[in-house]
Structures are given as structure tokens and as C-alpha cells.
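The chains referred to below are lettered A, B, ... by the order of the sequence lines, with proteins before strands, and numbering in each begins at 1. Excluded from the calculations below are hydrogen atoms, water molecules and symmetry mates; all remaining heavy atoms, backbone and side chain alike, are included.
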Amino acid sequence: MPELPEAEVVRRGLARWATDAVAAELEVLDPRSLRRSPGGADALRERLRGARLAEPARRGKFLWLALAEGDDAVVVHLGMSGQILVDEPGAADQRHLRLRLPVTAADGSARELRFVDQRIFGGWWLDALRPDDAAGGERIPTTAAHIALDPLHPLFDPAAVHARLARRRSTLKRALLDQSLVSGIGNIYADEALWGARLHPERPTERMRRADTLRLMAAVQDVMRRALEVGGTSFDALYVNVDGRSGYFARSLAAYGRTGQPCRRCAAEGVDSRIVRVPFMNRASHLCPRCQPRPRRRRAAAADA
DNA sequence: AGTTCCTCCTGGTTGC
DNA sequence: TGCAACCAGGAGGAAC
């Protein structure tokens with residue numbers, strides 16, 4: 001499940017082949033991967049043909065390839081199961097190959113940028129770039145204008161996140177997954193960061209103290225940096241990098257997917273506490289009930305009246 | 001207006 | 001064994 005670290009691994013891998021490459025004729029094997037692209041396959045194919053690509057950029061889980069001439073970009077979102085693979089022409093088609101973009105790389109070699117996506121939650125779309133004043137004027141696609149700075153962005157401001165978080169009337173994990181508050185976090189890194197900060201996913205946001213938020217944001221940054229160092233988190237055959245290599249962070253997960261296994265932090269204290277899986281929005285959260293205790297019921301507000 | 005929740009998808013796994 | 005139900009979840013937008 002690609003989140004920020006996996007998207008960044010893809011961006012870096014793609015940079016070598018896409019930066020300054022010249023696109024040829026886009027082949028659309030499944031138009032559903034272009035659902036969000038205005039004008040569909042024809043418009044995107046037309047705009048890409050012969051276009052020179054700039055270095056791939058990213059915010060949160062959104063990736064984009066700016067076109068060197070003009071203010072257009074091809075936005076790429078990996079969704080649940082998307083991969084960008086760089087192959088040599090003639091390499092066997094992958095089972096869920098949806099898009100193929102032949103390019104001439106900067107070194108003159110022929111390559112194909114391939115979009116493989118089993119579940120088709122991801123896609124490519126053509127979009128216009130606009131300056132974002134809140135991010136030092138860097139250009140961002142209009143369809144990502146509402147996406148907040150991610151925890152690895154140089155201008156990311158944890159104190160500003162706290163101010164917005166504490167104003168919400170929601171619960172902590174819901175807020176963490178809201179890409180307009182902090183971007184790049186999905187179910188895996190949400191559970192890992194909450195574990196790292198010893199916070200319960202159902203903690204009311206209005207009860208977050210400044211120190212709680214700062215500790216949580218530090219935990220998010222820490223887990224994302226560690227995941228990035230080892231190529232992200234891969235499960236089964238859902239590869240991460242553009243050459244099909246898996247990341248190794250799955251073995252370092254502390255909470256996600258560890259139902260019934262010992263909490264490592266509690267074990268280090270000599271206590272046997274097991275990770276539990278609790279329902280969350282038709283999905284699941286993973287946490288240690290001992291070091292991430294459920295928040296106490298809010299006291300009746302009688303004194304306020 | 002802020003927050004919650006349904007829907008889009010496929011294929012591997014589980015259950016009867 | 002076969003088939004159906006279930007599960008994974010990012011993000012837009014409908015619903016409340």
C-alpha cells in the first residue's frame with residue numbers, strides 16, 4: 001500500500017529515467033487508469049507526444065511529471081496497488097499493465113515507463129501547475145492544491161499542524177489520514193506513528209496537547225525516514241521500486257499487521273502485551289493496549305455551565 | 001461548513 | 001471441491 005515513503009522511492013527511481021526524457025506515443029491498455037484525465041486518452045496522448053519531461057516531483061502520495069514546456073504536468077497516483085516500472089522495450093508485459101509510455105532517456109537509451117495497477121484505484125491525469133504561496137511558491141498541480149505539506153517537506157510546520165488539529169472535532173487517526181491536514185500518511189504509517197508516540201487512535205483531537213502533537217509528528221517523520229532508508233514497505237508481490245525491487249520495512253513494523261504478536265516496547269520492559277486489531281472505518285487499527293491506552297471518557301462538563 | 005461514510009476495483013483467502 | 005463472501009484501502013464526493 002503505497003504511502004509517502006513508497007511514493008518517494010518511486011520518485012527517486014523514476015528520476016534517473018524520466019528527467020529530461022522525451023516521450024513518444026502513450027499506449028493505453030486500460031482507459032480506467034485515465035479516469036481522472038480531462039479529455040481521456042486522446043488528450044493525454046496528444047500532449048505527451050514529443051514532450052520533454054522534467055524531474056519528477058511529489059507531495060504526500062501525489063507524484064507528477066512536469067512537462068518542460070508550459071505549465072502542464074502528468075500527475076501519477078499509485079492508489080492501492082499502483083506501480084511505475086521502467087523496462088526496456090520488448091520486456092514481457094506485466095499482468096496488470098495499464099499504461100505504457102515509451103521514452104528516449106537523457107542518455108539516449110530507449111525505455112518504457114509502465115503503469116501496472118491491479119486494483120485501478122490509481123491513475124495518471126493531465127493537469128495544470130500553479131504556484132503554491134503556502135509552499136514558497138513551488139508549483140503544484142491544481143488537483144493537489146488541497147494536499148497539505150507532508151512531514152518530509154522542508155517547510156513542514158508541526159506547530160501549525162497542532163493548531164489545526166486541536167480545532168477539529170474528530171479523533172486522532174481520522175485526522176492523521178486526512179491529507180488536507182498532513183499528507184502522505186496511510187493506514188500503515190498512521191498505526192506505526194501512533195504506536196511510536198504512545199497515542200490511541202480514538203483520542204479526541206480537541207484533547208491533544210501541543211506536546212502530544214509534536215511527539216506524534218516526530219514519530220511520523222522518524223518512521224517515514226527509516227522506511228525510506230530501506231526502500232519502503234512491500235507486501236507479497238506488490239513491489240515498490242521502478243526496477244521491481246521490494247522494500248524491507250515490513251520486517252521493522254511495530255504495530256501494523258502484528259496482531260497477536262508481542263509489543264516490542266512492552267517486551268523490552270519484560271511485560272507481555274500483545275498487539276490487537278480493532279475495527280476502524282470498515283478497516284482496522286493495530287495498537288498495543290498497554291502502552292497506547294484508550295483515552296478515558298471525557299468528564300461531564302458540569303463545571304462549565 | 002465540518003465531519004462521516006460510501007464507492008470505486010481485483011484477487012487472494014476464508015468459510016460453508 | 002466449488003462457490004460466495006470477505007478483506008485490503010486512497011481519495012473524491014455525497015450525505016448528514
Original post:
What is the distance, rounded to the nearest whole Å, between atom OH of Tyr189(A) and atom C1' of dG9(C)?
Top reply: 15 Å
With 3.5 Å as the limit, what N/O pairs link the protein to nucleotides 12-16 of chain C?
from    : atom 1 : to        : atom 2 : distance (Å)
dG12(C) : OP2    : His146(A) : NE2    : 3.2

Subject >> For DNA chain B, the residues among residues 27-35 of chain A that have a non-hydrogen atom under 4.0 Å from it >> reply: Arg32(A), Arg35(A)
Subject >> Length of the line joining Gln94(A):CD and dT10(B):C1', which is rounded to integer Å >> reply: 17 Å
Subject >> N-O pairing of Asp87(A) and Arg111(A) below 4.0 Å >> reply: no
**OP:** Please state how far atom CG in Asp150(A) lies from atom P in dA11(C), giving the value in whole angstrom units.
**Re:** 12 Å
**OP:** Could you list all the ring-ring contact (aromatic ring centres under 6.0 Å, His included) pairs where at least one residue sits in residues 187-233 of chain A, not counting sequence neighbours?
**Re:** none
Original post:
Tell me: CG of Leu63(A) to P of dA11(C), nearest whole Å?
Top reply: 11 Å
**OP:** Under 3.5 Å for both distances, Watson-Crick or G-U wobble, that's the pair rule; now give the dot-bracket for DNA chain B, with | marking pairs to another strand and [ ] for crossing ones.
**Re:** .|||||||||||||||
**OP:** Would you indicate, yes or no, if dA11(C) has its OP1 or OP2 atom less than 4.0 angstrom from a side-chain nitrogen or oxygen of Gln179(A)?
**Re:** yes
**OP:** Determine which pairs satisfy side-chain hydrogen bond (donor to acceptor under 3.5 Å, both in side chains) with at least one residue from residues 250-268 of chain A, sequence neighbours left out, and list them in order.
**Re:** none
**OP:** Rounded off to whole Å, could you give me the CD-to-C1' distance for the Gln118(A) and dC8(B) pair?
**Re:** 14 Å
Original post:
Does the side chain of Tyr256(A) get closer than 4.0 angstrom to OP1 or OP2 of dG9(C) through an N or O atom?
Top reply: yes
Original post:
Rounded to the nearest Å, what distance is computed from the CD1 atom of residue Ile188(A) to the P atom of nucleotide dC7(C)?
Top reply: 18 Å
**OP:** Figure out the CG/P separation between Leu172(A) and dT3(B), and round it to whole Å.
**Re:** 14 Å
Original post:
Closer to the 5' end of DNA chain C via nearest nucleotide, is it Ala284(A) or Lys61(A)?
Top reply: Ala284(A)
Subject >> Ser183(A) and Lys61(A): CA distance, side-chain angles, deciding distance, side chain to side chain donor-acceptor pair (under 3.5 Å) verdict >> reply: CA-CA 7 Å; Ser183(A) 70; Lys61(A) 306 169 196 172; over 6 Å; no
**OP:** State plainly whether the residues Asp132(A) and Arg59(A) are in salt-bridge range, i.e. N to O under 4.0 Å.
**Re:** yes
What are the atom names and distances for every N/O pair under 3.5 Å that joins the protein to nucleotides 4-7 of chain B?
from   : atom 1 : to        : atom 2 : distance (Å)
dT4(B) : OP2    : Ser170(A) : OG     : 2.9
dC5(B) : OP2    : Arg174(A) : NH2    : 3.0

Original post:
How many Å lie between NZ on Lys173(A) and P on dG10(C), as a whole number?
Top reply: 9 Å
